[in-house]
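This report refers to the structure that appears directly beneath it.
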Amino acid sequence: MGLIKKVPVYAERIPGGSLVLTTLETVLHQGQAKSLWYLLFGTACCAIELMCTGASRYDFDRLGMIFRASPRQADLIIAAGTITKKMAPRLRRLYDQMAEPRYVIAMGGCTIKGGPFYYDSYAVEKGIDHIVPVDIYIPGCPPRPESLLEGCIHLQEKIKKQKLLDWQEK
Amino acid sequence: MPDLRTEEFVVNMGPHHPSTHGVCRLILTMDGEKVLKIVPVVGYLHRSLEKICENRTYPQCIPILDRFEYVTAMSCNYVFSLAAERLAEIEVPERAEYLRVIMLELNRIASHLIFYGVTAMDIGALTPFLYGLREREMIMDLFEMTCGQRLTFNYIRIGGVAKDIPAEFIPYCRKTVSVIREKLNDYEGLLNENPIWLVRNKNIGVLPPDVGIAYGVSGPSLRASGVDYDLRRDDPYSIYDRFDWKVATRSNGDCYDRYLVRLDEIKQSVRIIEQALDGLPEGPVKAKVSPNFKPPEGETYARVENSRGELGVYIQSDGTKKPYRVKTRGGSFNQLQVLPVIGTGGLIADLVAIFASLDIILPEVDR
Amino acid sequence: MTPDELKDAVAGKLGDKMSLLDTGRMVPMFEISAANLLTVAESLRDDAALKFDYFCNLGAVDKTERFEAVYSVASIVHKHRLDFKVILDHDHPEIDSVQEIWPAANWYEREMWELFGINIRNHHNLTRFLLPDDWDQGNPMRRDWDAPDFEKLPEL
C-alpha cells in the first residue's frame with residue numbers, strides 16, 4: 001500500500017507527473033513475465049527439485065509462479081525429468097493444449113540430450129527439443145533450485161525483450 | 001419415481017495427473033462416482049536401467065541406480081553395494097557402517113516428510129506440504145555438505161562410503177534431528193485429529209494382511225495391516241542390531257494407519273540416528289577396493305528396507321568387471337499391483353487417498 | 001533357520017526335484033526343471049516348516065544359449081529366504097505361471113514376457129507393459145538385441 005500512497009506525492013513534483021508514457025508492449029510483457037503460471041509436469045528426479053523450489057525455503061511464488069494442474073490455465077511447461085518414448089506424444093499433446101503465448105523450460109540433463117541415459121538405453125528420448133520448442137535449458141542432474149530460479153528469471157528477461165507480434169508469427 | 005437410465009463410462013486418469021505422483025495412468029470404469037474396475041498402465045518412465053547397467057562397470061552402476069528410486073537414493077546406493085560386497089566378500093570398516101546407517105535413516109525421514117506433504121496436498125490440505133518440506137531442507141543441507149548433491153548422491157560405494165563427513169556435520173545433524181523430533185508434534189497436531197482428514201482416511205482402502213502378503217506388499221504399507229515384518233530386523237544387514245529401536249506397526253490397515261505408521265517410523269529413525277551419532281567410532285571409511293573391481297562368479301539377491309518397502313537388487317556376475325545382469329525390485333511395484341484389489345468398489349475420491357497412502361512412486365515401478 | 005539349516009531342510013523334503021547350485025551367495029540357490037516348477041512352488045508355500053508365502057523377486061537372465069528365470073521367495077513367519085532358478089531353452093522359452101500360488105508374480109511375469117520374449121503358460125494378461133504401445137522392435141533385454149538408434153557406451 002505504501003507505493004500507492006507515496007507515488008502520487010513524488011509524481012506531483014514532476015511537470016506533467018501524474019501522466020506516465022510507456023508502450024503497450026512494455027505493460028503487456030511486464031504483466032506476462034511477472035505472472036508465469038507453470039504446468040505441474042514432473043516425471044522423474046527433477047520433479048522433486050521442482051517441488052522443493054515451490055516449497056518453503058525457495059518460494060517460487062515470489063517470481064509470480066504458481067502451479068496449475070491443467071494445461072489450459074498454464075503459460076509455461078517445465079519439463080522436469082526424463083521423457084521416454086512412451087511419454088513423448090503426451091508431452092506434445094499437453095503443449096498443444098496450452099494457449100498462446102506459451103513457453104517451455106527444459107530442466108535437467110535428460111530433457112536436454114538424454115542425460116545419463118543417452119547410451120545403452122532403448123526407451124529414453126534423446127532431448128525434447130525435437131518434440132516441443134524449448135526456450136530455456138537448465139543443465140544439472142538434477143539442477144539445484146537456485147538454477148531453476150535463475151532459469152525462470154532468464155525466461156522473464158526473454159519475455160520482456162520480445163516484440164508484440166512475435167508470438168503470432170510462431 | 002421412474003428408474004433413471006444409467007450407464008458405465010470410462011475415465012482416463014493420467015499419465016499427467018497431479019495425484020498420480022509422476023506418470024501413472026489408471027483406466028477406470030465408473031458407475032457414477034463408484035469405481036468398478038481399475039487397470040493401471042505403467043511404463044511412462046521406463047528408462048531401461050537394467051539394460052544400461054549391463055554395459056557399465058560395478059562402480060559406474062551406482063550413479064545409474066541413484067535414479068532408480070530418487071526419493072531415497074541412499075538405499076539404492078546401499079543395496080547395490082551390499083550385493084556387490086556379498087559377491088566379493090568384502091568387510092566394511094566400522095565407521096563406514098555407522099555413516100551408512102546415519103545416511104539411510106536421514107534419507108528415510110526425508111522421504112517420509114515428502115509423503116506427509118504430498119499426501120496431504122492430494123487430499124486438499126496445502127499447509128502440511130510447506131511444513132514437511134521445510135524440515136526436509138535441513139536434511140538436504142546435511143547431504144549437500146557430505147557429498148555435494150541434494151538428491152542423487154553416489155555416496156555409499158562398494159566397500160564403504162565415498163569420503164568422511166565434514167567437521168560441522170555432527171553438530172548440525174544433532175540439531176536437525178532435535179528440530180524434527182520437536183516439529184513432529186506440529187505435524188501430528190495439523191492432521192491427526194483433523195475432521196476432514198479423518199473422514200477422508202479412516203476405514204478407507206483397508207488392506208487385509210493376507211492380501212498384502214500374497215501381493216508382495218512390503219514396508220510401512222504392510223506393517224499398517226498388523227504384519228510385524230521389517231527387513232532391518234528380520235533379514236539383518238548393516239548394524240541395526242546394535243541400536244535400541246522398535247518396529248512400528250498398526251492394526252487396521254486403512255489409509256489413516258498407513259499414515260500413522262510413517263510418522264512413527266520418523267520417531268524411530270530419529271532414535272537410531274541419535275544412537276549412531278553417539279557411538280560413531282574413528283577409523284577408515286572405505287575398505288581397499290580396486291577401481292577394476294571384479295567379483296568372482298556367482299549371483300545374489302540383496303534386499304533392504306527403504307521407506308516404501310523392500311528394495312532389492314539381484315546381481316549375476318560372470319567374473320568380469322561388468323555385471324552380467326542386474327535386476328531391480330522396488331516396493332511400489334507390488335503396491336501398485338494391489339491397488340486394483342483394494343480400490344475397486346470405492347469412490348474415485350477415495351482412490352486418490354489410497355494411491356497417496358500406499359506412497360507409490362513411479363520410477364520404482366517402471367525403472 | 002540359518003542358510004545351512006534351510007539348505008538341509010529343503011534338500012530333505014524336495015531333494016528329488018531340486019538340486020543345489022554353488023553359485024548362490026549368502027542364501028542357498030537351487031535349480032528346478034521347468035516341469036516341476038508348479039508342484040515345487042506349491043510345496044514351498046504350503047509346507048509348515050518352510051512356508052515361503054512372500055514373493056520377493058523374479059528376473060530372467062539371457063545366457064545366450066539358454067534362459068534362466070531366477071525366483072526369490074521369503075517367509076514372513078520364519079524369516080528365511082530362498083532363491084531358485086529354472087533353466088529354459090533359448091529357441092522356444094516357455095514357463096508356467098506361478099500367479100495362482102503367489103499372486104504377486106503377475107506383473108513380474110508380464111515384464112519377463114515383454115522384455116525377454118519368454119512365453120508364460122496360463123497367464124491371462126499378457127499385454128503391453130513397459131514399452132510404448134506401438135513398439136515393434138522385439139524384446140530389448142535380450143543380449144543380441146539391436147536397433148538403429150541404440151548407441152552403446154564407447155569403450156575408453
Side-chain angles (χ1 to χ4, degrees), chain B residues 39-46 48 50-52 54-56 60 83 86-89 209-211 213-218 222 227-229 231 233-235 295-303 310 312-318 324-329 333-334 336-338 341 365-367, chain C residues 21-27 29 45 53-63 68 70-83 85 99 101-108 110-112 114-115 125 127-133 135 140-143 145 150-155:
Chain B
V39 181
V41 180
V42 299
Y44 292 99
L45 195 53
H46 179 58
S48 65
E50 290 165 8
K51 185 86 177 172
I52 295 173
E54 282 176 5
N55 199 22
R56 297 283 194 281
Q60 283 174 342
R86 283 182 180 172
L87 280 175
E89 288 170 1
D210 53 329
V211 174
I213 293 171
Y215 278 88
V217 177
S218 51
L222 186 64
V227 182
D228 190 5
Y229 190 63
L231 296 180
R233 187 195 62 200
D234 297 331
D235 190 358
E297 260 183 73
E299 55 198 308
T300 193
Y301 171 72
R303 54 181 190 156
E310 177 178 333
V313 164
Y314 166 82
I315 303 181
Q316 188 174 106
S317 155
D318 58 348
Y324 190 79
R325 169 87 165 104
V326 176
K327 166 84 176 76
T328 49
R329 184 259 201 228
F333 194 77
N334 293 52
L336 189 57
Q337 255 193 97
V338 88
V341 181
V365 181
D366 297 344
R367 290 156 307 172
Chain C
L21 299 175
D22 59 348
T23 51
R25 302 280 176 271
M26 295 292 285
V27 168
M29 169 70 80
R45 187 195 60 177
D53 50 358
Y54 187 80
F55 189 87
C56 295
N57 190 24
L58 161 62
V61 185
D62 181 3
K63 300 285 270 183
E68 290 174 358
V70 187
Y71 295 75
S72 301
V73 290
S75 164
I76 298 265
V77 193
H78 301 305
K79 310 194 190 317
H80 49 226
R81 197 165 68 73
L82 179 81
D83 295 347
K85 65 165 76 165
Q99 57 165 314
I101 297 156
W102 295 294
N106 186 334
W107 282 16
Y108 292 90
R110 264 176 89 184
E111 184 189 330
M112 202 159 90
E114 183 177 50
L115 299 183
N125 192 20
T127 48
R128 264 284 157 252
F129 189 50
L130 293 173
L131 297 173
D133 301 328
W135 181 266
M141 280 299 284
R142 290 199 178 190
R143 295 297 280 207
W145 181 86
F150 179 66
E151 268 181 83
K152 272 197 158 322
L153 181 73
E155 288 287 336

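Lettering follows sequence order; numbering is per chain, from 1.
- Between B:Tyr314 and C:Leu58, every side-chain heavy-atom pair lies at or beyond the 4.5 Å cut-off.
- If you measure heavy-atom distances from C:Arg110 to chain B, you find no contacts under 4.5 Å at all.
- When all heavy atoms are compared, the tightest approach of C:Ile76 to B:Tyr229 is CD1-CD2, 3.6 Å.
- Within the 4.5 angstrom heavy-atom criterion, atoms from both the backbone and the side chain of C:Asp53 approach chain B.
- Ranked by heavy-atom pairs under 4.5 Å with chain C, the first of B:Val217, B:Val338, B:Val227 is B:Val217.
- No donor-acceptor pair closer than 3.5 Å links the side chain of B:Arg303 to the backbone N or O of C:Asn57.
- Judged by distance alone, with hydrogens and angles left aside, the side-chain atoms of C:Tyr54 form no donor-acceptor pair with the main-chain N or O of B:Ala214 at under 3.5 Å.
- Proximity to chain B (any heavy atom under 4.5 Å) is shown, for C:Pro132, by neither the backbone nor the side chain.
- C:Asp62 touches chain B through its backbone: at least one of N, CA, C or O sits under 4.5 Å from a heavy atom, while the side chain does not.
- For C:Ala74, the part lying under 4.5 angstrom from a heavy atom of chain B is the side chain only.
- Only the side chain of B:Leu222 has a heavy atom closer than 4.5 Å to any heavy atom of chain C.
- Listed options B:Lys51, B:His46, B:Gln337 were ranked by heavy-atom pairs under 4.5 angstrom with chain C; first place goes to B:Gln337.
- Contacts of B:Ser218 with chain C are made by both backbone and side-chain atoms, with heavy-atom separations under 4.5 Å.
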| said: For B:Arg325 and C:Met141: C-alpha separation, side-chain torsions, deciding distance, then whether side chain to side chain contact (heavy atoms under 4.5 Å, CB included) applies. | reply: CA-CA 10 Å; B:Arg325 169 87 165 104; C:Met141 280 299 284; 3.4 Å; yes
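- By the 4.5 Å heavy-atom criterion applied to side chains, C:Trp107 and B:Pro40 are counted as neighbours.
- Of the inter-residue distances, the one linking C:Trp102 atom CH2 with B:Ile213 atom CD1 reads 14.0 Å to the nearest 0.5 angstrom.
- Among C:His80, C:Lys63, C:Arg128, the residue making the largest number of heavy-atom pairs under 4.5 Å with chain B is C:Lys63.
- The two residues C:Phe55 and B:Arg329 make their nearest non-hydrogen contact at O-NH2, 3.6 Å.
- B:Glu299 touches chain C through backbone and side chain together, each having a heavy atom under 4.5 Å away.
- By the 4.5 Å heavy-atom criterion applied to side chains, B:Thr300 and C:Val27 are not counted as neighbours.
- C:Arg143 forms a cation-pi arrangement with B:Tyr324, by the criterion of a distance under 6.0 Å to the ring centre and an angle within 45° of the ring axis.
- How far NE2 of C:His78 is from CG of B:Asp234: 13.0 Å, rounded to the nearest 0.5 Å.
- Atoms SG and CG, on C:Cys56 and B:Asp235 in that order, are 8.5 Å from each other to the nearest 0.5 Å.
- Contact detail for B:Asp228 and C:Lys79: the closest heavy-atom pair is O-NZ, 4.1 Å.
- Only the side chain of C:Glu68 comes within contact range of chain B, judged by heavy atoms closer than 4.5 Å.
- Separation of atoms NZ (C:Lys152) and CG (B:Asn55) is listed at 4.5 Å; rounding is to 0.5 Å.
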